[in-house]
Every structure is written in C-alpha cells, then in structure tokens.
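Here the structure is laid out as structure tokens; the discussion comes afterwards.
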Amino acid sequence: MKIKYELLKNEKNTQARYGILKTNHGEFETPMFMPVGTLANVKTLTREELKAMNSAVILSNTYHLWLRPGSEIVKKAGGLHKFMNYDGPILTDSGGFQVFSLVKNKKDITEEGVHFKNHLNGDKLFLTPELSIKVQNDLDSDIAMSFDECPPASADYEYLKTSVDRTLRWAKRGKKAHKNEQQSLFGIVQGGPLEDLRKYSAIETVKLDFDGYGIGGVANDGESKDDMYKAIEYSTPYLPIDKPRYLMGVGDPIDIIEGVIRGVDMFDCVLPTRLARHGNAFTRHGKINLKNAKYKEDFEPIENCDCYTCKNYTKAYIRHLLVCNESLGGRLLSIHNIRFLIKLTEDLREAIKNDNLLEFKEDFLSKYGQN
RNA sequence: GCGUGAUUGGUGAAGUGGUUAACACGGCGGAUUGUGGUUCCGUUAUGCAAGGGUUCGAUCCCCUUAUCGCGCC
C-alpha cells in the first residue's frame with residue numbers, strides 16, 4: 001500500500017502540524033527526522049542502534065546504489081529492506097541532487113535528462129526521470145522521490161523559471177513511469193527563494209497528485225537562512241494538508257525548528273553523521289568540537305542525554321578516539337547526534353500538542369545560541 | 001690528539017649575501033544542511049647551535065667555542 005498521512009493537530013500559533021505517517025513498515029509520528037544512509041547504510045551504525053535512538057524512516061540513494069552495487073543486484077536480494085536488513089521505512093532520493101552536488105562541473109541538462117560523469121570513475125552517464133523511477137522501483141523503497149533539477153542558489157529568475165518548468169515535466173514523466181503499487185511517490189517543489197516561483201511550482205506539482213511533497217533546492221551553497229525560510233513559507237501554504245511535507249536536506253537544529261513552524265513534517269540531513277565523523281557534537285548549548293584541547297581531561301559525558309554514548313562514555317575518551325582516528329569516535333558521536341535531532345523532533349511534537357511551540361523555540365535558542 | 005663533515009620550528013627537512021625562511025607531518029582553531037567514512041580552510045620558526053668578525057646588509061662568507069658523526073695514529 002501507499003503511505004498514509006493523518007493530520008492529528010495544528011499548533012495554535014504557527015503552521016506546525018502533528019501527525020502520523022503510516023507505512024508498510026510501521027507507523028510513525030511527525031514531525032520527524034530521517035538519518036541519511038546513502039549507500040544502504042547509515043554510516044557506522046547498525047539497525048539495532050538506529051532503533052535504540054527511536055529512528056523511524058531512513059533515507060537512501062538512487063544514484064549511489066545505481067552505480068554500486070547496481071539496482072538489479074538489490075532487486076535480486078529481495079529489495080533494499082532485505083539487502084540491508086532494515087525493516088523500517090526507507091525513502092530513496094532520486095539522484096537529482098547528486099547530479100547537482102557531486103557532478104558540479106561537467107553536466108549537460110537537456111529536456112530528456114542529464115548527461116554527466118560518474119563521480120567514481122568518469123564514465124559517461126545519462127539519468128532520466130524514467131530511469132530514476134525504474135531504479136527506485138527496483139530498490140523497492142517505501143517512498144520514492146521525483147527526479148528534479150536542483151539549481152544553484154545563485155541562479156537568476158529566468159533560469160529558475162526554466163528549471164521549475166522542466167522539473168514539472170520531469171515529475172509528470174516520472175509519475176507516468178512509476179509502476180510499483182507498494183511504493184509512494186513524492187513530487188518536489190522548486191523555485192529558489194522567489195515567492196511567485198515557489199507558489200507556481202507548488203500549485204502545479206500538487207495538480208499532478210503525489211503521495212507527498214518535497215521542498216527542494218534549499219540549503220544549497222551560499223543560500224542565506226532567510227532565503228531558506230522564505231522558500232519554505234512560500235511553498236507550504238499551497239500543499240495539501242492531508243499529505244506529508246518533506247524539507248529536503250535540512251538538518252541544522254535551528255532550521256528544523258523553523259521548518260516545523262512553517263508546516264514541515266519530515267527532514268533529512270547528513271549533518272549529524274558528517275559532523276560526528278569530523279569530531280563535532282550537537283548539544284543543547286550549541287555545537288561543540290570534541291577535538292578541542294579543552295576536552296583533554298573532561299571526564300564528563302557530552303551532556304545529560306539518554307543516548308548510548310552519553311550513558312557510557314566521557315568527552316576525554318571520545319576526544320582520544322578522534323585524535324587517534326579510531327572509527328569508534330565517529331560512531332559514538334553519530335549515535336549522539338542522531339539521537340539529538342530525533343529527541344528534538346520528539347520535543348517539537350510535544351510542543352505542538354501543548355500549543356507552546358514559540359516558547360519552546362525561544363527557550364531552545366536562548367541555550368543553543370545563534371551559531 | 002690530528003684531519004674532516006655537519007648543526008635551520010614539536011618532528012622530517014628545503015633554501016638564499018638583500019623586502020614576509022619552502023614543503024610535509026604534528027599542534028591549535030574553524031567549516032560542513034536530498035553524504036566527503038581517509039574532506040576542506042586558517043594558523044603555527046621576529047628566527048637558521050653560541051659568541052665574535054667581514055659587509056651598506058649575514059641563516060648563507062671568515063674565526064673561536066660547543067655538540068654530534070666519520071677517518072687516521
């Protein structure tokens with residue numbers, strides 16, 4: 001079956017929503033945060049660890065799995081869930097963003113699709129909306145994403161308009177090619193930070209009738225926070241209330257709060273795991289760098305937190321692991337950082353239920369700082 | 001004892017009679033938003049063993065001393 005979103009409550013003072021997302025692999029509350037497992041694996045973590053931190057949906061990637069091991073192999077394995085031994089819901093990204101982020105220079109965007117080079121070995125590749133959907137059908141994820149174009153933050157109006165129209169045509173083609181009745185398909189709203197383009201993109205995408213809607217093209221390099229928040233608030237008013245809204249790629253704690261306030265239900269981001277591998281931890285008092293010399297003799301946990309890492313390890317030990325390049329350091333921080341964001345969404349859901357989201361935000365910011 | 005070669009940051013080291021002494025590692029700090037698992041950026045020797053001399057100017061040339069290496073009695 002397709003996923004079902006049930007809206008249970010609107011927060012009184014904001015656009016925030018509390019709801020339930022029903023999938024073939026369980027029911028989960030929203031707003032939610034989805035850890036990223038690009039290569040059919042949330043880097044360094046096992047499924048037991050993900051469950052222990054109350055993680056629900058994870059994100060995986062069409063482009064990467066298409067290249068390695070190849071979607072036919074995942075299909076042979078019985079689909080992505082069986083292949084990676086994960087029985088929770090999986091969302092697959094379409095590859096649109098990867099064409100943008102991994103293949104910065106040599107790409108040729110045509111009406112038919114995108115010509116670009118394999119980021120691993122330089123082979124010529126051609127990805128189309130139909131092929132992206134075919135790969136995602138083979139992967140058999142719970143939620144597939146439309147193949148979109150993700151233009152740079154610096155793109156001008158003319159380019160953005162052209163791009164939005166092309167993404168709409170690609171969305172239509174992808175929907176037509178979509179065969180998997182067990183799999184839901186999301187459309188993606190684009191349009192940069194511009195009100196009329198976001199509105200247009202949202203309205204036209206909704207006309208195609210998807211199972212949920214991504215808000216894309218956000219948090220691209222150079223984009224200001226203000227532009228990001230505008231992109232969200234220019235999009236969500238035109239999205240149906242009975243379908244989930246997914247802000248693609250967003251992950252900074254403050255951005256998650258701002259997204260929720262503007263009516264977003266789902267987030268994903270590499271930040272918690274990437275920051276972890278580079279030695280950084282989210283805390284309620286801001287982000288810290290565990291490699292800093294000041295933690296050399298700090299025998300306290302990162303903070304008062306219910307995660308496995310904080311219950312068992314000190315900052316001094318984690319620092320030692322990081323400094324020595326021991327992979328357990330990044331693993332322990334990944335556990336803490338993902339749990340931090342998931343806990344944040346749990347707190348946000350409570351705040352929505354209690355109609356005190358703005359107070360929650362103010363309190364959070366006063367401790368967390370403004371970055 | 002005589003002869004000879006060396007001595008440059010925390011480490012391995014480049015280098016030149018003329019403004020700010022390469023580069024690498026390490027250290028310290030920062031970045032990171034639909035993944036970069038090993039990434040990117042910044043910073044880190046007011047000084048070239050010590051003292052004296054030549055010179056407009058010496059880390060570089062000369063002398064003495066110290067330390068280390070090599071060869072010979």
Side-chain angles (χ1 to χ4, degrees), chain A residues 33-45 57-65 67 90-104 119-120 132 136 141 143-151 153 167 186-190 212-225 227-229 231-232 245-259 264 266-282 286-296 319 322-334 337-338 341 371:
Chain A
F33 175 78
M34 310 183 284
V36 176
T38 293
L39 291 159
N41 158 42
V42 178
K43 292 186 194 303
T44 78
L45 302 181
V57 182
I58 61 171
L59 186 139
S60 197
N61 207 287
T62 300
Y63 169 74
H64 296 256
L65 297 178
L67 298 184
I90 299 173
L91 179 152
T92 42
D93 193 15
S94 67
F97 180 76
Q98 284 62 47
V99 169
F100 165 74
S101 72
L102 258 35
V103 200
K104 279 215 159 62
H119 75 292
L120 300 169
S132 171
Q136 297 186 76
S141 52
I143 300 171
M145 298 302 299
S146 289
F147 186 69
D148 64 333
E149 186 194 349
C150 203
T167 289
F186 280 25
I188 300 176
V189 177
Q190 289 285 351
Y213 297 90
I215 298 169
V218 130
N220 287 347
D221 49 20
E223 186 195 49
S224 69
K225 294 258 185 199
D227 280 350
M228 183 199 302
Y229 302 152
I232 304 166
R245 296 95 173 257
Y246 159 33
L247 182 61
M248 305 183 75
V250 167
D252 181 272
I254 295 172
D255 296 342
I256 288 178
I257 295 172
E258 297 292 352
V264 173
M266 303 161 72
F267 301 85
D268 83 284
C269 195
V270 304
L271 217 46
T273 41
R274 180 183 293 165
L275 286 178
R277 276 178 272 117
H278 298 166
N280 297 277
F282 291 128
K287 201 182 71 183
I288 64 172
N289 185 349
L290 268 294
K291 284 174 146 177
N292 286 174
K294 63 181 170 188
Y295 300 115
K296 235 175 227 175
R319 175 177 194 277
L322 292 167
V323 166
C324 298
N325 245 312
E326 282 289 331
S327 60
L328 181 60
R331 235 167 78 67
L332 293 175
L333 287 182
S334 291
N337 283 346
I338 292 177
L341 294 184
N371 269 11

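Owing to the predicted nature of the structure, the values given are computational and were not obtained by experimental measurement. Below, chains carry the letters A, B, ... as their sequence lines are ordered, and counting in each starts from 1.
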Pairwise C1' distance, G51(B) and U4(B) [rounded to whole Å]: 23 Å

Salt bridge (Lys or Arg N to Asp or Glu O under 4.0 Å) against D268(A), all qualifying residues, sequence neighbours excluded: none

Sugar-phosphate only, base, or nothing, as touched by G217(A) at under 4.0 Å among non-hydrogen atoms: base

Separation of atom CG in L65(A) from atom P in G34(B), rounded to whole Å: 16 Å

Sugar-phosphate, base or nothing in reach of D148(A), heavy atoms under 4.0 Å: base

Residues forming a side-chain hydrogen bond (donor to acceptor under 3.5 Å, both in side chains) with Q190(A), sequence neighbours excluded: D148(A)

Proximal nucleotide (of U33(B), G34(B), G37(B)) relative to the V270(A) side chain: G34(B)

U19(B) to A13(B) separation - P atoms, rounded to the nearest Å: 27 Å

Ring pair (Phe, Tyr, Trp, His ring centres under 6.0 Å) partners of H119(A), counting only residues at least two apart: Y63(A), H64(A)

Residues Q136(A), S132(A); criterion side-chain contact (heavy atoms from CB on, under 4.5 Å); working and verdict: CA-CA 6 Å; Q136(A) 297 186 76; S132(A) 171; 3.2 Å; yes

side-chain contact (heavy atoms from CB on, under 4.5 Å) evaluation trace for M266(A) with L91(A): CA-CA 11 Å; M266(A) 303 161 72; L91(A) 179 152; 4.1 Å; yes

Nucleotide A31(B), atom C1' - distance to CZ of R274(A) in whole Å: 11 Å

Distance between P atoms of C56(B) and U11(B) (Å, rounded): 37 Å

For atom CZ of R277(A) and atom P of G37(B), their distance in whole Å: 6 Å

Sugar-phosphate only, base, or nothing, as touched by S327(A) at under 4.0 Å among non-hydrogen atoms: nothing

Sugar-phosphate, base or nothing in reach of D255(A), heavy atoms under 4.0 Å: base

Stem segments of RNA chain B by first residue number [Watson-Crick or G-U, under 3.5 Å, at least 3]: B:1-7 with B:66-72, B:10-12 with B:23-25, B:26-31 with B:39-44, B:49-53 with B:61-65

Integer-rounded Å distance: U38(B) P and L39(A) CG: 14 Å

Dump every N/O contact between nucleotides 42-44 of chain B and the protein below 3.5 Å, one line per pair.
none

Test side chain to side chain contact (heavy atoms under 4.5 Å, CB included) applied to A281(A) - qualifying residues, sequence neighbours left out: I288(A), L290(A), I302(A), L333(A), H336(A), N337(A)

base_contact_polar (U32(B) base, N280(A) side chain, donor-acceptor, <3.5 Å): yes

Check: D252(A) side chain, U33(B) base, donor-acceptor under 3.5 Å: no

I288(A) CD1 - U32(B) P separation (whole Å): 16 Å

Nearest-angstrom distance from the residue atom CZ of F282(A) to P of U32(B): 11 Å

Syn or anti conformation of G29(B), syn meaning chi within 90° of 0: anti

C1' atoms of C28(B) and C63(B), separation to the nearest Å: 42 Å

Length of the line joining I143(A):CD1 and G34(B):C1', which is rounded to integer Å: 13 Å

Sugar-phosphate, base or nothing in reach of I188(A), heavy atoms under 4.0 Å: base

In G36(B), glycosidic geometry as syn within 90° of 0 or anti otherwise: syn

Protein-nucleotides 28-30 of chain B N/O pairs under 3.5 Å:
unit_1	atom_1	unit_2	atom_2	d
C28(B)	OP1	R319(A)	NH2	3.0
G29(B)	OP1	A293(A)	N	3.0
G29(B)	OP2	A293(A)	N	3.3
G30(B)	OP2	N289(A)	ND2	3.2
G30(B)	OP2	N292(A)	ND2	3.0

Nearest to side-chain heavy atoms of H278(A), which nucleotide of U33(B), G34(B), A31(B): A31(B)

Rounded P spacing from G36(B) to A24(B) in Å: 25 Å

Residues forming a salt bridge (Lys or Arg N to Asp or Glu O under 4.0 Å) with E258(A), sequence neighbours excluded: R262(A), K361(A)

Ring pair (Phe, Tyr, Trp, His ring centres under 6.0 Å) against F282(A), all qualifying residues, sequence neighbours excluded: F340(A)

Results of ring pair (Phe, Tyr, Trp, His ring centres under 6.0 Å) for Y295(A) - residues two or more places apart only: none

Integer angstrom distance from the C1' of U33(B) to that of G42(B): 22 Å

Gap in Å between the two P atoms, one belonging to U20(B) and one to U67(B), rounded: 35 Å

Touch class at under 4.0 angstrom, heavy-atom based, for E258(A) against every strand present: nothing

Distance, rounded to the nearest Å, where L290(A) contributes CG and A31(B) contributes C1': 16 Å

Gap in Å between the two C1' atoms, one belonging to G15(B) and one to A45(B), rounded: 14 Å

Stepwise side-chain contact (heavy atoms from CB on, under 4.5 Å) test for M248(A) and V218(A): CA-CA 7 Å; M248(A) 305 183 75; V218(A) 130; over 6 Å; no

Check: Y213(A) main-chain N/O paired with R245(A) side-chain donor or acceptor under 3.5 Å: no

Listed partners of R331(A) passing salt bridge (Lys or Arg N to Asp or Glu O under 4.0 Å), at least two apart: E49(A)

Distance (rounded to the nearest 0.5 Å) between I143(A) CD1 and F186(A) CZ: 4.0 Å

Sugar-phosphate only, base, or nothing, as touched by L59(A) at under 4.0 Å among non-hydrogen atoms: sugar-phosphate

For F147(A), all residues meeting ring pair (Phe, Tyr, Trp, His ring centres under 6.0 Å), sequence neighbours excluded: W170(A)

